[in-house]
Amino acid sequence: MAKAAVKLADPNPLSAQERAIESGKKALHENVSERILRMIELIRNYGDPRLTLDRTVLFTESFKTTEGQPLVLRWAKALKHIAENIAVTIFADELIVGRPNTWFGRYGLVYGELDGSLMKEALGVFKAVKDKKGQGSIPSSSVTVLAEDGKVIEEVLFPYWNGRDFTPAFIKALPEETRHLIYGPDPNNISVQTGMLMCTGAWRHSQNWAHDFGKILTRGCKGIRDEARAKLAALEHPYDVVQKMPFLESVIIVCDAMMTLAMRYGRLAADMASRENDQQRKNELQEIAEACAWVPENPARTFREAVQSQWFTQMFSRLEQNIGGQVSMGRMDQYLYPYYQKDLADGRITRESAEELLQCVWLNMWQSTEVKLSPSAAASMEGFAHFEPVTIGGQTADGLDATNELSYVILESARPLPCTYPEITVRIYANTPDRFLHAVAEAVKDGTGRPKVVNDENIVPFYLSNGATVPEALDYACSGCCESRLVNRETQVTGNTGTNLGAVVEMALRDGKSKVWKDEQFGLKTGDPKKFATYEDLWRAFCAQLEHFTKHVMIQQCVAVTLKPHFFAAPMASMLHDLAMKECIDLHRHGEFIPGSIDLPCLETVGKGTAIDSLAAIKHLIYDTKQLTWDALLDALERNWEGKEAIRQLCLNAPKYGNGIEWVDAIGWEIERIQLECARRYHVRANQYYMQRSVPVTAHVPMGRAVWATPNGRPNPEYLSEGISASHGMDVKGPTTALHSMARARCGAYKEKGADLINMKFTPSTVAGEDGTRRLMQVIRTWCELKLWHIQFNIINKRTLLAAQKDPMKYRDLIVRIAGYSAFFVDLSPMQQAEIIARTEEEMAH
Amino acid sequence: MSQATPNQKGLVLNIQHFCTNDGPGIRTTVFLKFCSLRCKWCCNPESIGQRPELAYDINKCIGKKACGKCLQPPAPEGAMYVLDGPDDRVHINWDLAQGCGEETTSVCPTGALYLFGQEMTVDQVLDEVEQDSAFYRESGGGVTLSGGECLLQPDFSTALLAEAHERGINTAIETAGNVPWAFMEEVLPHVDTVLHDHKLTDPIRHKKWVGADNTRILANFKKAYETFPDKTFIARTPIIPGVNDDEEHIRSVLAFIRPHKNVVDYQLLPYHRYGETKYGFLGKVYELEDFTPPSSETMDRLRAIIDESFGRTAAGKTG
């Protein structure tokens with residue numbers, strides 16, 4: 001009766017992004033200049049990212065001449081060599097300059113010292129992907145390698161780095177059982193992981209990281225160099241002279257290197273200005289020249305100098321090393337605000353010109369693409385995953401509201417851009433102003449998946465309980481996908497561990513053997529499930545397998561942390577860190593424990609929903625209601641459900657996580673507790689433990705391939721559940737219940753329970769109009785109150801995604817939310833596209 | 001009037017979360033089964049009957065070869081059958097399947113066979129409703145009882161709403177008002193917002209389209225306004241082109257409600273056809289008139305009359 005109707009005039013409205021694509025518009029909103037539009041067009045037309053080798057070639061040249069010296073010093077000298085010799089180019093329309101490549105378009109840096117041994121193999125993979133794309137199939141993270149670059153790799157880079165780089169050394173150093181579990185039966189395999197565990201230590205120099213950019217802006221390289229010089233002069237203790245001198249000398253060299261590179265850009269700009277006929281461009285080039293002559297050497301004086309200095313620093317960071325997902329931007333609306341405020345007051349900028357300068361940085365970041373040489377890494381970070389969160393909003397270190405005019409400017413500057421940058425991250429807390437939340441909700445409704453939001457009400461207590469002071473905890477920045485950092489207290493810069501919870505289920509059901517890996521014994525022998533008299537017997541087997549996997553990810557983490565200081569140094573990242581600078585120690589030596597540091601390695605989990613639903617189905621069907629026997633279930637699983645559809649349906653219709661069923665949600669809580677307890681048993685040092693989190697990026701797709709059919713009704717090779725979300729489409733009671741379940745399945749009893757990723761997909765009609773905006777605000781407020789860690793939204797019509805699969809060219813600008821980042825839909829593999837489409841679509845009940 | 005207890009049982013059709021058109025804020029709507037009207041445009045045929053009803057979605061059936069579980073007892077012989085030919089999905093003989101209950105549907109692994117309506121206690125319902133309490137706090141929402149006609153289970157509704165208040169949850173009901181006054185009088189003390197339907201004004205047209213005279217309905221509403229001056233009432237009309245999309249109807253409803261200060265709004269809901277497939281699930285043919293959803297122009301025009309009457313500018317309204 002009264003349920004008769006919905007109040008919608010247009011039943012299928014489009015998001016701003018969909019509207020822009022359908023109408024052939026270049027930008028989602030009007031606040032974008034012709035300059036920015038021209039640059040976007042050039043970047044898109046350049047096509048796939050191309051490998052840029054200059055950094056690694058110069059790095060290699062330098063390394064050949066410094067063998068035997070302290071590593072940190074070698075690193076600094078290599079950076080200086082790069083700064084002195086790398087090509088400098090300024091392109092038309094650019095206002096913020098500096099790049100490690102020589103073309104205007106997307107590029108990917110590679111790092112010989114990280115995984116040079118994989119370079120040759122990777123060339124083959126890149127070529128294969130490219131060829132496939134040429135045949136008209138849907139492209140997937142395709143990379144361009146010019147013939148001349150291929151030659152440099154084969155003749156220069158690979159011969160030097162093969163066997164000298166970190167990746168094979170790491171694998172060799174693993175105990176055999178651990179190596180077998182991660183890299184499989186072939187002892188010579190160094191590129192493809194089994195998918196049982198995930199170990200990102202071999203994929204990146206550093207775990208996600210945010211620099212204290214404010215230091216460069218307020219002190220300049222000169223100020224930091226002075227500090228290093230003073231410290232150097234004061235060294236007395238013989239031990240210090242040996243231990244600290246190389247570090248301090250490196251800092252001085254790196255400061256000089258940064259100034260050198262900036263000066264070269266300044267001179268180029270001045271030279272170009274002198275030859276420029278167009279008066280407006282001439283003026284712009286002169287301004288660039290002046291900025292580059294002053295920063296990052298000196299403290300920034302204006303907003304423009306601050307932005308240029310920030311970009312130089314992050315660009316230099318990319319030259320220094322690969323940070324997983326690249327560089328996090330920190331709290332940009334905080335450290336840039338004084339410059340914005342002053343320039344606005346002095347009439348030096350307008351809100352529009354500030355937006356344009358920021359947009360120039362966003363486009364610079366967009367071009368810097370993270371290309372992975374390891375196929376496992378590439379599959380886990382599809383669509384050129386990048387986590388360069390620009391944190392805005394939240395609270396200040398003083399405990400006051402941090403929202404300022406620049407928070408809005410940054411938010412609005414991102415909205416028109418039809419690209420996957422910047423990665424705006426909004427800190428929400430109980431008292432976030434409605435005006436700001438309203439602006440955030442409006443931006444979310446654009447449908448590009450941005451901004452994502454993180455929760456002070458969860459993250460601040462997380463840091464407080466793990467050793468931070470109140471002001472420190474209040475000043476956290478988002479870093480990585482949806483994780484966070486205290487930029488001067490945390491030191492954990494080693495890639496992380498991951499456990500495939502779907503595989504843990506399989507181990508418990510198949511006596512530790514993997515079906516995909518032809519019955520390879522990866523797990524413990526926990527026995528034949530047919531002999532499990534009760535559900536508790538199965539639970540014990542599951543826990544044993546989980547602890548076994550957990551132990552081995554911790555072993556590999558220990559190997560990575562121990563080995564890294566012999567392979568990597570990061571003098572620039574270290575000089576921007578209070579504790580590293582104080583102790584004169586490179587951050588990559590964090591395993592030695594830098595005094596005062598909060599150093600929490602991380603236990604990643606993948607497939608939480610898959611594991612919960614699998615265990616729940618068994619409990620319900622075999623033990624509680626006895627609708628199914630072990631014989632029947634195991635037989636159906638072995639056949640990957642083929643010819644066993646009735647049993648699969650029974651499993652699919654068993655109670656599922658995400659529907660507010662208390663005992664099912666409780667399994668999730670227990671799984672996390674078991675892993676946290678296990679990690680506490682093997683803790684690293686007093687009161688600091690492995691943190692547990694669920695931020696799988698796209699790893700749930702390749703890891704799904706490694707797991708045979710699971711009792712939740714999932715066939716192989718389908719993806720696992722993502723983040724802490726329910727299995728795809730299985731949370732049928734709507735978003736309120738789904739969030740409630742997720743909150744309840746989080747093991748909040750442990751202070752080291754860390755980041756969780758939540759994806760929510762709404763149809764545009766659900767959030768249409770002002771009513772819809774308010775609704776979205778209420779959902780975010782409630783999520784905040786539930787003390788969940790993170791949430792992000794896809795606001796999109798399913799038909800748009802299906803249309804994009806059919807006509808990738810028309811939809812080449814279609815952006816979707818993946819994990820803590822957005823990507824072009826057409827850059828994704830077919831399986832990842834299917835995963836996005838299968839995510840539960842939330843609609844308002846009518 | 002019976003004593004309300006948390007163990008009181010009612011026949012519940014469905015609990016729907018994240019409802020935003022059933023009263024203030026984000027709400028959870030509990031649909032009760034059983035209705036005393038027979039609206040010609042009804043999109044919830046499953047809500048009409050007084051007992052649990054067998055339903056069947058053939059699209060979920062995986063066929064006799066893969067399953068076939070419902071083709072054996074306890075299902076009555078011949079109630080489920082398969083046609084000759086390549087498509088071996090199950091069909092229902094609805095006459096023979098009359099009275100099939102949970103013992104029949106529970107053998108189906110796919111959820112193709114199921115029941116509309118289940119007995120639930122007040123606590124069972126509210127334990128699920130309460131899971132959304134954080135959303136109610138942030139949005140000013142709560143629980144809404146709907147139907148069917150929720151006032152046809154007055155003891156259960158009273159117990160449920162009273163217990164919801166005990167749990168600090170805001171309450172609303174959706175009613176068409178075609179019940180004895182005593183039922184209304186029993187339930188309304190526990191309701192914060194009363195959403196009530198004015199489907200048609202003219203008694204003859206009302207009888208024609210809705211299957212019952214509206215004299216009692218209007219008397220109930222008037223009495224309710226006067227008996228419960230502190231309650232918030234919101235009048236509503238589902239707009240069905242050709243039935244009640246005329247200005248005259250809107251104006252007569254306004255004339256009826258405007259003298260009462262506690263009727264704070266009059267909302268129009270455009271008709272939709274989402275219910276069509278549900279007739280098939282119940283083995284019924286959708287033989288109702290071919291109604292079409294109203295145009296947005298019609299909706300705007302009619303809403304403007306209401307806004308004028310309430311002294312609002314049309315621009316502020318959305319939806």
Side-chain angles (χ1 to χ4, degrees), chain A residues 1-11 621 625 627-628 643-654 659-662 665 732-741 743-744 762 766 768-775 777-787 842-846, chain B residues 15-22 25-26 28-29 31 35 37 39 41-44 47 60 62-63 66-69 108-111 128 131-132 134-135 137-139 141 146-149 174-176 195-197 199 236 238-240 267-272 274-275 293 296 299-300 318-319:
Chain A
M1 41 155 266
K3 199 193 164 191
V6 269
K7 285 208 297 179
L8 292 171
D10 177 3
L621 295 173
T625 63
Q627 295 180 66
L628 199 58
K644 297 290 169 189
E645 188 57 21
I647 295 177
R648 189 175 95 91
Q649 287 293 333
L650 212 50
C651 290
L652 278 175
N653 286 288
N659 294 292
I661 308 166
E662 199 169 348
D665 297 345
V732 296
K733 295 215 161 181
T736 61
T737 307
L739 285 175
H740 175 75
S741 280
R744 193 157 63 178
F762 286 99
T766 305
E770 176 58 22
D771 284 354
T773 305
R774 297 278 170 92
R775 214 61 78 209
M777 289 168 69
Q778 288 159 358
V779 169
I780 294 171
R781 286 266 186 228
T782 309
W783 157 89
C784 178
E785 201 171 311
L786 290 171
K787 296 191 179 1
E842 301 292 4
E843 277 195 274
M844 232 140 30
H846 31 63
Chain B
I15 301 177
Q16 201 156 34
H17 300 260
F18 200 48
C19 298
T20 56
N21 288 315
D22 298 337
I26 295 172
T28 306
T29 303
F31 293 94
C35 189
L37 295 179
C39 304
W41 56 83
C42 180
C43 63
N44 293 325
S47 71
K60 288 187 180 167
I62 54 173
C67 177
K69 290 200 166 63
C108 177
T110 67
E128 179 167 342
Q131 292 186 351
D132 289 341
F135 287 87
R137 276 200 296 282
E138 289 298 345
S139 68
S146 182
E149 172 54 68
E174 271 187 319
T175 177
L195 308 164
H196 58 293
D197 273 13
K199 296 176 199 291
R236 316 219 293 184
I239 295 295
I240 297 109
Q267 298 173 345
L268 304 182
L269 311 167
Y271 162 81
H272 69 71
Y274 298 152
S296 49
M299 295 303 294
D300 289 347
T318 53

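All heavy atoms count here, side chains included; hydrogens, waters and symmetry mates do not. Numbers restart at 1 for each chain; the letters A, B, ... are given by sequence-line order, proteins then strands.
- Proximity of a side-chain donor or acceptor of B/E138 to a complementary backbone N or O of A/T782 within less than 3.5 Å is not detected.
- With a threshold of 4.5 angstrom between heavy atoms, A/L739 approaches chain B through side-chain atoms but not through N, CA, C or O.
- Neither the backbone nor the side chain of B/K60 comes within contact range of chain A; no heavy atom of the residue lies under 4.5 Å from a heavy atom of that chain.
- Applying the side-chain contact (heavy atoms from CB on, under 4.5 Å) rule to B/S139 yields the partners A/Q778, B/I26; only residues at least two apart in sequence or on another chain are considered.
- Only the side chain of A/E785 comes within less than 4.5 Å of a heavy atom of chain B; its backbone N, CA, C and O stay farther away.
- B/F135 places none of its side-chain heavy atoms less than 4.5 Å from the side chain of A/H740.
- The candidate from B/R137, B/M299, B/H196 with the greatest count of non-hydrogen atom pairs under 4.5 Å with chain A is B/R137.
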Walk me through it: do B/I62 and A/Q649 pass the test side chain to side chain contact (heavy atoms under 4.5 Å, CB included)? CA-CA 9 Å; B/I62 54 173; A/Q649 287 293 333; 4.1 Å; yes
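- The side-chain contact (heavy atoms from CB on, under 4.5 Å) check on A/N659 picks up A/K656, A/I661, A/D731, A/V732, A/K733, with sequence neighbours excluded.
- Residue A/G660 comes nearest to B/Q131 through the heavy atom pair O-NE2, 2.7 Å, listed as atom of the first residue, atom of the second, then distance.
- At a 4.5 Å heavy-atom cutoff, A/R774 makes no contact with chain B through either its backbone or its side chain.
- Within the 4.5 angstrom heavy-atom criterion, no atom of A/L652 approaches chain B.
- Nearest heavy atoms, B/P109 versus A/A646: CB-O, 3.4 Å.
- Under the 4.5 Å side-chain criterion, counting only non-hydrogen atoms from C-beta, B/T20 is in contact with A/R775.
- The closest side-chain heavy-atom distance from B/F18 to A/T737 is not below 4.5 Å.
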